[in-house]
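Written out below as structure tokens is the structure these notes cover.
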Amino acid sequence: MIIVLARAATGVSATIDHEPAIVVADLPAFVVEHERSTPRWVWDDTRSWYPQLLAARVRVDRCFDLRLCHAILRNSQLTAESALATAAPGPWDAPAEAPRSVRPERAGTLFDLADDREPVHSPGAVAEFRLQQSAVAASAEPGRIGRLLAAESAGALIASEMQFAGLPWRADAHDAILSSLLGPRPRDGERPAALQAVLDDVRTLLEAPDLNPDSPEALLRALGRVGLQVKSTRSWELRELDHPAIAPLLEYKKLARLLAANGWHWLDTWVVDGRFRPDYVPGGVITGRWATSGGGALQLPKQVRGAVIADPGCKLVVADASQLEPRILAAMAGDRAMVAAGSAGDLYAGIVASGAVATRDQAKVGMLSAMYGGTTGEGGRLLPGLARAYPQAIGMVEDAARAGERGEVVSTRLGRSSPPGRDVGYVEGATADEVNRTRSRSRAWGRFTRNFIVQGSAAEWALCWMASVRRRLRDLDESRWLTDGPHLVFFLHDEIVVHCPEPEVERVVAEVRAAAVEAGQLLFGAIPAQFPVTVAVVDNYGQAK
DNA sequence: TGGGCTTGCGCC
DNA sequence: AAAGGGCGCAAGCCCA
């Protein structure tokens, strides 16, 4: 059963299968009533529908997010001939509506049904859905692209649910971490004591009593005055210098970064009632990875993860997919040797065992180089050996790079395509300088497309994994409300965190592992690629490495 | 004062 | 000669 929901001037309308649209007076009640037959709910944008349902304690099983799916179908090589992809850009190509509210200071109204803004008009949802269905049906690979749309939409549901549930965050623990590193919380505008102390050392040792260490320009000048020539003030560059001021300067940078990015101000802004609720943006990255907006949720430094503490009686099940990207590449390329190298557990150890490289570290550096397009240093030197041992895998990323350099489009396993390359082609009558710049752009785009197929396919695997985890957790006890049982609370590209009542930990760990197997099958079918998952059951996120 | 740019760094 | 992908965020800086 398909139910298309749309907002119109008259209110919410619902189109059940191909029946005439009906007006919905009480949306949560309507959804509850029909959810029993597990329809696929079709709507323009999950973020403009689902938070209100969750606030009313209503979950849905499956949805179809028209805006996210439109973006995929518009670009995919698999649907390039479709009416959808060949039509002129329209309202479905517009960027997402800003979420109703994400700032936690408005948390009181976050899920408030009485939003005073005008309801968003969502015209033509039924027509758009039909257009999308026919684009999928006419595709050369309807199974793949259809799976991608389902996974993307499931991701949208999960994003709303994770924001609703929030990541357990103990402000007192966070404050203790900050105090131990920086000193007690200072008054506004003052530097914490420990930060001020290392700054005093830096200023003394550089003989620059008024130095503003946060100004790269001023810092560069001060370093120059004591004979330290550097091109930038990046930590990795400063680390090479031999001068007594360098150690405290590096310490200052580290502490100042913590204070600015995840200090007390961040805590005040983003943690409300013991939960951190970032605004997840599914499909926010060109490769299909999620982005977040506000709070820097995907960059939570390891330093503060100790403040992510499970509620009493609960544990955090932290699971990450080991060496996901090289495994994805091996499976995608059908590289039996590399798949075999990963089958015993540690892929990099398997690569060493095959004799392609000498050490585990070389295997890692070499593979990263292959997937990112690095050519310098050790990574570049290791490539020929890897290419001999794994011609399909290395050949696949090389082909993707060459295609990108020519301005061609590349696609992920399930059919998300890269944007067309711009300004990478030879121009008649260009000067030598222009030719060089064009070549440089072309190479850069090749590095992008090289990485795109791997990063994007890994993102698809992660979506399938997470969707499977979600379904399995719900199936443990369907009568329970989302946050009363084990539920997803965090997602970080290849890692998930489940907030889990202690008695259910063992079962949840098993489901998380089983979901990883299922994700591998969804993407690669019979190819016997392994996607092992490393699981840590902890009280706080800082304990998971 | 506010917008847009650069720099630097956190995560994968 | 040099050549590592994708992000978000805060602070400094410059300019209108």
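Every chain is numbered from 1 and lettered A, B, ... according to where its sequence line falls, protein lines coming before strand lines.
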> How does DNA chain C read in dot-bracket, base by base from 5' to 3', with Watson-Crick or G-U pairs under 3.5 Å and | used when the partner is on another strand?
Replying inline: ....||||||||||||
For atom [atom1] of [X] and atom [atom2] of [N], their distance in whole Å:
| X | N | atom1 | atom2 | value |
| --- | --- | --- | --- | --- |
| A/Arg381 | C/dG4 | CZ | P | 14 Å |
| A/Glu405 | C/dA3 | CD | C1' | 11 Å |
| A/Trp236 | C/dG4 | CH2 | P | 11 Å |
| A/Phe452 | C/dG6 | CZ | C1' | 11 Å |
| A/Gln455 | C/dG6 | CD | C1' | 4 Å |

> Using a cut-off of 4.0 Å between protein heavy atoms and nucleotide atoms, how would you tag nucleotides 7-16 of chain C 5' to 3' with B, S and -?
Replying inline: SBSSSSS---
Check ion pair [X]-[Y] (N to O, under 4.0 angstrom):
| X | Y | result |
| --- | --- | --- |
| A/Arg450 | A/Glu398 | yes |
| A/Arg191 | A/Asp214 | yes |
| A/Glu152 | A/Arg416 | yes |
| A/Asp172 | A/Arg170 | yes |
| A/Arg437 | A/Asp423 | no |

> Relative to A/Tyr541, does A/Arg305 satisfy both conditions: NZ or CZ under 6.0 angstrom from the six-membered ring centre, and within 45 degrees of the ring's axis?
Replying inline: yes
> Does any residue of residues 366-379 of chain A have a heavy atom under 4.0 Å from DNA chain C, and if so, which ones, in number order?
Replying inline: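 Heavy-atom contacts with DNA chain C come from A/Tyr372, A/Gly373, A/Gly374, A/Thr375, A/Thr376.
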> Just by distance, with hydrogens left out, do A/Tyr50 and A/Glu161 show a side-chain donor and acceptor under 3.5 Å apart?
Replying inline: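 The answer is yes; a qualifying pair exists.
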> Which pairs with one or both residues in residues 208-264 of chain A pass ring-ring contact (aromatic ring centres under 6.0 Å, His included), sequence neighbours excluded?
Replying inline: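 Not a single pair qualifies under ring-ring contact (aromatic ring centres under 6.0 Å, His included).
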> Taking 5' to 3' order, which nucleotide of DNA chain B is first and which is last to have an atom within less than 4.0 Å of a heavy atom in chain A?
Replying inline: B/dT7 to B/dC12
> Counting N and O atoms only, with roles assigned by atom type, does the side chain of A/Arg470 sit under 3.5 Å from a partner on the main chain of A/Ile158, one being a donor and the other an acceptor?
Replying inline: no
> For the side chain of A/His174 and the backbone of A/Asn262, is there at least one donor-acceptor N/O pair under 3.5 Å apart?
Replying inline: yes
>> Check the phosphate of C/dG5 against A/Arg447, side-chain N and O only, distance under 4.0 Å to OP1 or OP2. Yes or no?
In response: yes
> With sequence neighbours left out, what residues match A/Asp93 under side-chain hydrogen bond (donor to acceptor under 3.5 Å, both in side chains)?
Replying inline: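 Residues passing side-chain hydrogen bond (donor to acceptor under 3.5 Å, both in side chains) with A/Asp93: A/His70, A/Arg74.
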>> Centroid separation under 6.0 Å, is that true for the rings of A/Trp445 and A/Phe452?
In response: no
>> Base, sugar-phosphate or nothing for A/Arg305? Non-hydrogen atoms, less than 4.0 Å.
In response: sugar-phosphate
> Does a side-chain heavy-atom distance below 4.5 Å link A/Phe524 with A/Met332?
Replying inline: yes
